[in-house]
Asks: 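Following this message is one structure expressed as structure tokens.
Chain naming here is simple, since letters A, B, ... match the order of the sequence lines and numbering starts at 1 in each.
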Amino acid sequence: KAGVTQTPRYLIKTRGQQVTLSCSPISGHRSVSWYQQTPGQGLQFLFEYFSETQRNKGNFPGRFSGRQFSNSRSEMNVSTLELGDSALYLCASSLGDRSGELFFGEGSRLTVL
Amino acid sequence: AQSVTQLDSQVPVFEEAPVELRCNYSSSVSVYLFWYVQYPNQGLQLLLKYLSGSTLVKGINGFEAEFNKSQTSFHLRKPSVHISDTAEYFCAVSPPRGGNKLTFGTGTQLKVEL
């Protein structure tokens with residue numbers, strides 16, 4: 001069974017640009033969550049999508065958005081990039097049973113110059 | 001709201017020695033508890049979880065953790081570590097049925113030395 005796939009794995013952007021990250025969950029998983037990981041703030045929850053609807057949201061500004069498609073694939077977008085957005089963005093999928101058992105991808109490492 | 005404190009940022013240990021990684025949490029409601037492991041340049045992998053029932057939870061790779069409600073702790077233990085256990089370990093909590101909005105601790109880097 002294929003794991004969670006995130007693309008791209010690495011990317012470099014400049015301030016003010018926008019970026020879109022993609023996540024393909026494990027087959028059969030209906031929930032996709034996104035986390036930001038930085039050395040200073042650690043792992044922080046961005047949002048969760050279940051059946052194309054946002055089910056939970058963290059405390060991030062509106063520049064961070066996401067969506068989920070009917071095949072459960074998800075994308076997150078960050079607009080007007082800031083230097084502080086440099087981070088590893090992790091996607092995690094689950095069955096959607098609210099148990100908290102997550103299967104993580106390897107992440108997309110974003111560097112903002 | 002919940003919070004998680006991992007008291008040790010780094011724990012060095014010799015191979016085949018026992019290890020304990022400490023985790024304390026704060027919550028006004030009951031919680032689910034988790035330990036995740038992150039190997040270099042990889043995502044996180046679930047080691048074990050406590051949802052309810054027995055307070056001693058066994059996970060993968062020989063790890064176990066004990067839920068102590070009175071001390072609000074969920075320490076991770078392994079009786080004999082291997083070089084391959086070198087990784088960063090994260091404790092996390094979520095409210096019951098709270099979806100996948102986990103609150104993570106800051107992580108403990110376990111370094112196993114020969």
Asks: Quick one: pull up CG in B:Asn100 and CH2 in A:Trp34 and give me the separation to the nearest 0.5 Å.
Replies: 14.5 Å
Asks: Mind checking whether A:Leu11 and A:Leu113 sit in one hydrophobic cluster, side chains of I, L, V, M, F, W, Y counted as touching below 4.5 Å?
Replies: no
Asks: Once you round to the nearest 0.5 Å, how far does OG1 of B:Thr106 lie from CG of A:Leu43?
Replies: 10.0 Å
Asks: Less than 4.5 Å to any heavy atom of chain A: does that hold for the side chain of B:Leu51, its backbone, both, or neither?
Replies: side chain
Asks: How long is the gap from CG on B:Leu46 to CZ on A:Phe103, to the nearest 0.5 Å?
Replies: 7.0 Å
Asks: Nearest 0.5 Å, please: how far is CD in B:Gln42 from CG in A:Leu90?
Replies: 11.5 Å
Asks: Checking heavy atoms, do the side chain of A:Arg109, its backbone, both or neither come under 4.5 Å from chain B?
Replies: neither
Asks: For residues B:Val112 and B:Trp35: do they belong to one hydrophobic cluster (side chain heavy atoms under 4.5 Å, members Ile, Leu, Val, Met, Phe, Trp, Tyr)?
Replies: yes
Asks: Do A:Tyr35 and B:Phe104 make the cut of ring centroids closer than 6.0 angstrom?
Replies: yes
Asks: When you look at CG of A:Asn71, are more than 12 heavy atoms from neighbouring residues, nucleotides or ligands closer to it than 6.0 Å?
Replies: yes
Asks: With a 4.5 angstrom heavy-atom cut-off, could you sort out which part of A:Leu46 is near chain B: side chain, backbone, both or neither?
Replies: neither
Asks: Counting only heavy atoms not in B:Lys111 (residues, nucleotides, ligands), do more than 12 fall under 6.0 Å from its NZ?
Replies: no
Asks: Could you state whether A:Phe104 and B:Val37 fall into the same hydrophobic cluster, counting links through intermediate Ile, Leu, Val, Met, Phe, Trp or Tyr residues with side-chain heavy atoms under 4.5 angstrom apart?
Replies: no
Asks: Are B:Leu56 and B:Phe74 connected in a single hydrophobic cluster, I mean Ile/Leu/Val/Met/Phe/Trp/Tyr linked by side-chain heavy atoms less than 4.5 Å apart?
Replies: no
Asks: Is any side-chain heavy atom of B:Phe34 less than 4.5 Å from a side-chain heavy atom of A:Leu102?
Replies: no
Asks: Does A:Gly58 offer a backbone N or O that forms a donor-acceptor pair with the side chain of B:Lys101 under 3.5 Å?
Replies: no
Asks: Would you call A:Glu101 and B:Lys49 a salt bridge, taking side-chain N to carboxylate O under 4.0 Å as the test?
Replies: yes
Asks: What part of A:Phe50 is in contact with chain B, defined as an atom under 4.5 angstrom from a non-hydrogen atom: side chain, backbone, both or neither?
Replies: neither
Asks: Count the heavy-atom pairs under 4.5 Å between each of A:Gln44, A:Gln41, A:Gln37 and chain B, then report the option with the highest count.
Replies: A:Gln37
Asks: Decide if atom CZ of A:Arg15 counts as having more than 12 heavy atoms of other residues, nucleotides or ligands within a radius under 6.0 Å.
Replies: no
Asks: Report yes if the side chains of A:Phe45 and B:Thr103 come closer than 4.5 Å at any heavy-atom pair, otherwise no.
Replies: no
Asks: Identify whether B:Ile83 and B:Leu21 are in the same connected component of the hydrophobic contact network (ILVMFWY, side-chain heavy atoms under 4.5 Å).
Replies: yes
